[in-house]
Amino acid sequence: MAESQRAESESSGNLTEAEIAVHWKEEEYFVPPPKFIGQANLTDPAIMERFGLDRFPECFREYADLLTWDQYWHTTLDTSHAPFYKWFVGGKLNVSVNCLDRHLPLHRNKAAIIFQAEPEEEPPQVLTFQELWVRVNEFAAVLRDHCKLKAGDRVTIHMPMVPELPVTMLACARLGVIHSVVFGGFSGEAAGRRAADSTSKVLITMDGYWRNGKTTDHLANLKASLDASKADGHEVPMVLVWQRYREKMLSTTPLQKGRDFLVAELLKEKAGVRVPPVSMPAEAPFFLMYTSGTTGKPKGCQHSTGGYLAYVAGTSKFIQDIHPTDVYWCMADIGWITGHSYIVYGPLALGTTTVMYEGVPTFPDPGRPWRIAQRLGVNIFHTSPTAIRQLRKVGPDEPRKYDYHFKHMTTVGEPIEPEAWRWYYHSVGKDEAVIVDTWWQTETGGFLCSTKPGIDRMKPGSAGPGIPGIHPIIFDENGHVLPPGSQKAGNICIQNPWPGLMQTIWGDPDRMVRQYFAKYNKNPKSTDWRDWPYFAGDGALIAADGYYRILGRIDDVINVAGHRLGTKEIESACLTVPHVAEAAVVPVADEVKGRVVEVYIALKPTSKTPPNEVAQKVTLAVETSIGKIARPKTVHIVPDMPKTRSGKIMRRVLAGISNRMDTGDITTLANPDVVETIRKQVQGDAPVATKKGPDDIARFGKVD
Ligand code: PRX
């Protein structure tokens with residue numbers, strides 16, 4: 001925080017991070033069930049010594065040794081350009097070989113992917129390792145021969161949850177082509193902007209898919225994608241279109257000859273073609289995953305080939321407890337990092353069966369996930385607090401109606417309330433399953449904090465300690481360490497690098513340093529990793545037992561249903577509506593989704609358009625620019641924004657009003673009177689609230 005800002009926030013009554021005392025009831029422990037421990041991959045507590053800081057970085061050999069290398073590496077970690085690290089230097093490998101070819105001799109006819117369509121009458125589709133390998137080879141032949149793609153080229157994939165998505169990703173991996181998967185629910189425009197940023201040579205999309213009992217015309221997004229990419233200075237020359245059903249098209253959008261191609265047509269000539277895997281250097285970029293940051297533009301986190309795969313294989317084995325004999329189901333979407341690491345690459349690298357579900361968890365009723373688990377014999381289940389809250393709300397008694405048995409369950413993406421955790425444990429897990437609450441990020445490739453499922457006790461609402469090889473630390477704003485049990489929240493950082501950490505921000509290495517490392521770096525020229533703690537951007541505290549409790553984002557990012565949305569990104573979309581003079585976006589606590597978005601708008605003085613109409617236009621602009629996930633719960637058209645004397649909008653005050661919380665000291669504002677006007681408009685005549693809200697909301701916009 002700059003000095004002037006600090007002075008401003010202190011004078012307006014804001015506390016610094018370190019001063020925020022968190023009074024939080026300690027929850028009781030739950031012990032891992034003996035049956036789980038009896039079969040667990042990781043039961044030796046000495047793992048923490050094996051992965052101690054004094055064994056760093058060589059400890060991570062253990063993860064890399066889970067992979068099949070074409071050429072073994074000579075240097076475990078190269079820090080000469082810290083914080084741009086290179087892992088397993090000199091090593092060569094191919095990801096598709098590790099996920100497919102190497103499993104064929106023993107597991108050729110074992111299920112690799114079981115796909116469950118949303119319509120319940122469509123039976124599960126099983127792709128054996130052999131079948132997945134065949135499809136990946138044939139599609140890789142299309143990418144190589146028809147699209148002329150080669151190692152290092154970028155491809156944007158805007159697809160729903162269908163098996164063709166991992167086929168596409170693994171085909172890219174076979175050629176060393178860098179894929180950038182954009183969540184299928186994002187708008188065409190969002191996909192196009194990402195395609196431009198990565199200068200993708202091909203956009204791969206799909207005609208349609210099932211969602212909530214209806215088919216969606218996904219291809220209708222194509223025009224917006226190509227237009228947005230062009231507007232950002234990049235024309236995508238080729239489009240490939242998969243079909244949900246080969247015999248019919250779910251979209252009415254016409255294809256443009258010479259530019260758009262149906263994959264089914266291109267595959268006709270590729271039957272039986274085998275594509276030799278391209279042996280890639282361990283440190284070659286493997287994929288990009290865009291995520292929201294503090295500025296308007298999403299950033300492309302660049303993940304490496306060898307380090308990333310080693311890390312997701314290791315954490316899938318030890319934290320997810322995946323054995324090749326398990327049936328593993330992660331209900332996330334592959335379009336997010338969770339899906340990349342823990343639906344596709346981690347589980348397949350270990351040769352297990354990974355389940356994919358196309359649709360909405362509560363369709364046609366809240367018993368659906370448990371019927372799928374029962375039918376497929378799922379024994380490891382992985383989902384988000386939002387899904388847990390939703391399923392609990394609409395079908396609290398459903399799980400017991402079905403005969404399934406989980407040994408292991410995961411929660412990921414947002415803090416989970418202890419009450420929701422307990423329902424997950426007792427009702428979904430039937431008191432038989434161990435739970436891991438895994439804290440991590442798009443940037444980190446894999447888990448950072450979690451209990452070790454066969455070793456540690458669980459504590460509802462706490463992620464747990466750093467996992468093996470990850471050494472978290474909490475700093476206050478001045479760089480002092482907050483020790484265990486101090487009851488103060490601070491900024492959680494990781495002291496050391498790890499193989500899953502992104503390599504850079506695509507095309508913007510300065511941003512990587514600025515955003516993740518500058519804050520606590522003491523010497524920008526240092527090549528010693530000890531000088532470069534990784535700054536995660538989350539507030540957290542550490543209890544006396546060494547367990548971390550994650551409180552939420554400290555930057556201008558809103559975590560909606562476990563998905564990160566940048567406030568600046570949403571505000572930019574609002575400002576595209578001609579009548580809008582100023583826009584401010586704040587998070588609002590929501591019973592199911594954790595947080596949702598609310599928008600405040602000040603109109604241009606010349607605007608004659610009725611406020612309702614502007615509000616509708618703003619909502620539409622947000623949906624078009626980002627997607628329905630960012631749709632504001634409410635758009636408030638207000639006479640003016642609360643501002644500091646230097647003219648900055650005080651989002652903290654607006655967040656306070658939206659959440660019926662204390663707005664803090666407003667006497668130093670340039671226009672304090674407007675606060676009461678807005679409060680009345682939003683809350684009616686209810687008395688002024690004084691309660692403190694969720695931590696991320698209380699601190700939201702702290703630098704405003
Ligand atoms: O605020 C943290 C929250 O989600 C953010 C990362 O979001 P994303 O990059 O989209 O990745 C989501 C899947 C890993 C974090 O900065 N978060 C993630 N996991 C947890 C969490 N908050 C609390 N508890 C968690 N287990």
Side-chain angles (χ1 to χ4, degrees), residues 24 181-183 185-186 288-294 298-301 303 311-312 315 319-320 330-343 346 382-389 409-418 420-421 424 435-451 458-467 470 472 489 491-494 500-502 505 515-516 534-541 547-566 569 587 593-595 629-630 694-697 699-700:
W24 170 55
V181 179
V182 179
F183 170 53
F186 269 155
L288 304 179
M289 163 110 316
Y290 282 83
T291 189
S292 295
T294 46
K299 45 190 192 238
C301 298
H303 284 286
Y311 197 67
V312 297
T315 49
I319 307 298
Q320 292 293 288
C330 171
M331 216 166 58
D333 193 293
I334 292 175
W336 307 106
I337 192 70
T338 302
H340 278 50
S341 300
Y342 299 112
I343 297 179
H382 187 151
T383 193
S384 65
T386 290
I388 296 168
R389 288 184 212 109
M409 305 192 299
T410 302
T411 161
V412 63
E414 15 155 9
I416 184 163
E417 301 74 12
W421 192 100
Y424 197 34
I435 295 183
V436 291
D437 179 346
T438 59
W439 170 71
W440 59 296
Q441 310 175 300
T442 304
E443 295 85 340
T444 72
F447 304 146
L448 296 176
C449 283
S450 165
T451 47
M458 304 162 249
K459 192 162 73 172
S462 284
I467 65 168
I470 299 294
N491 298 319
I492 187 164
C493 296
I494 311 296
L501 172 64
M502 66 175 164
I505 303 287
Q515 198 155 332
Y516 302 98
Y534 170 81
F535 171 74
D538 277 331
L541 69 158
Y547 280 29
Y548 291 90
R549 182 185 172 219
I550 308 298
L551 301 170
R553 302 295 306 178
I554 59 167
D555 54 15
D556 298 338
V557 168
I558 304 183
N559 190 329
V560 177
H563 305 310
R564 273 159 65 176
L565 301 172
E569 213 180 331
K593 294 181 176 169
R595 307 279 176 272
I629 187 167
D695 207 71
D696 59 331
I697 290 175
R699 285 176 298 154
F700 195 76

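Below, each value reflects all heavy atoms present in this structure, side chains not excepted, and no hydrogens, waters or symmetry copies. Whatever order the structure lists ligands and atoms in, that order sets their numbers, starting from 1.
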Is the ring pair Tyr342/Trp440 parallel, tilted or perpendicular, if the boundaries are 30 and 60 degrees?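 Taking Trp440 first and then Tyr342, their aromatic rings stand perpendicular (interplane angle over 60°).
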Nearest protein heavy atom with distance in Å, relative to [atom]:
| atom | value |
| --- | --- |
| atom 10 (O) of ligand 1 | Arg564 CD, 3.6 Å |
| atom 19 (N) of ligand 1 | Gly413 N, 3.1 Å |
| atom 9 (O) of ligand 1 | Thr442 OG1, 2.6 Å |
| atom 12 (C) of ligand 1 | Gly562 O, 4.1 Å |

Any heavy atom of Pro415 sitting closer than 4.0 Å to ligand 1?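 Yes.
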Is the closest heavy atom of Ala463 to ligand 1 under 4.0 Å?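 The answer is no, since Ala463 has no heavy atom less than 4.0 Å from ligand 1.
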Please report whether ligand 1 has a polar contact with Asn559, defined as an N or O pair separated by less than 3.5 Å (distance criterion only).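 Between Asn559 and ligand 1 (N or O atoms, distance only) the closest approach is under 3.5 Å.
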Backbone or side chain, does any N or O of His563 fall under 3.5 Å from an N or O of ligand 1?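 By distance alone, the answer is no.
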For atom 26 (N) of ligand 1, which candidate among Ile337, Asp437, Thr410 provides the closest heavy atom?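 Heavy atom nearest to atom 26 (N) of ligand 1 belongs to Asp437.
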Relative to atom 15 (C) of ligand 1, which among Asp555, Leu551, Leu565, Asp538 owns the nearest non-hydrogen atom?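 When every heavy atom of Asp555, Leu551, Leu565, Asp538 is considered, Asp538 comes closest to atom 15 (C) of ligand 1.
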Answer whether the closest heavy-atom distance between the side chains of [X] and [Y] falls below 4.5 Å.
| X | Y | value |
| --- | --- | --- |
| Arg595 | Arg553 | no |
| Phe447 | Val436 | no |
| Gln441 | Thr291 | no |
| Thr411 | Ser384 | no |
| Lys299 | Glu443 | yes |

Tyr424 (side chain) donor-acceptor with Thr410 (main chain) under 3.5 angstrom: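 Yes, Tyr424 side chain to Thr410 backbone: donor-acceptor pair under 3.5 Å.
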Given 3.5 Å as the limit, does a donor-acceptor pair link the side chain of Ser341 with the main chain of Gly445, or not?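 Checking the backbone N and O of Gly445 against the side chain of Ser341, a donor-acceptor pair under 3.5 Å is found.
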Using a strict cut-off of 4.0 Å, indicate which atoms of ligand 1 neighbour a heavy atom of Thr338.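 With Thr338 as reference, the close atoms of ligand 1 come out as 13 (C).
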Under a 4.0 angstrom heavy-atom cut-off, which atoms of ligand 1 come close to Ile550?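 What qualifies from ligand 1 is 22 (N), 23 (C).
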Aromatic ring proximity Trp336/Phe186, centre distance under 6.0 Å: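 Ring centres of Phe186 and Trp336 closer than 6.0 Å.
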Is the contact between Glu414 and ligand 1 made by the side chain, the backbone, both, or neither, using heavy atoms and a 4.0 Å cut-off?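 The backbone, only.
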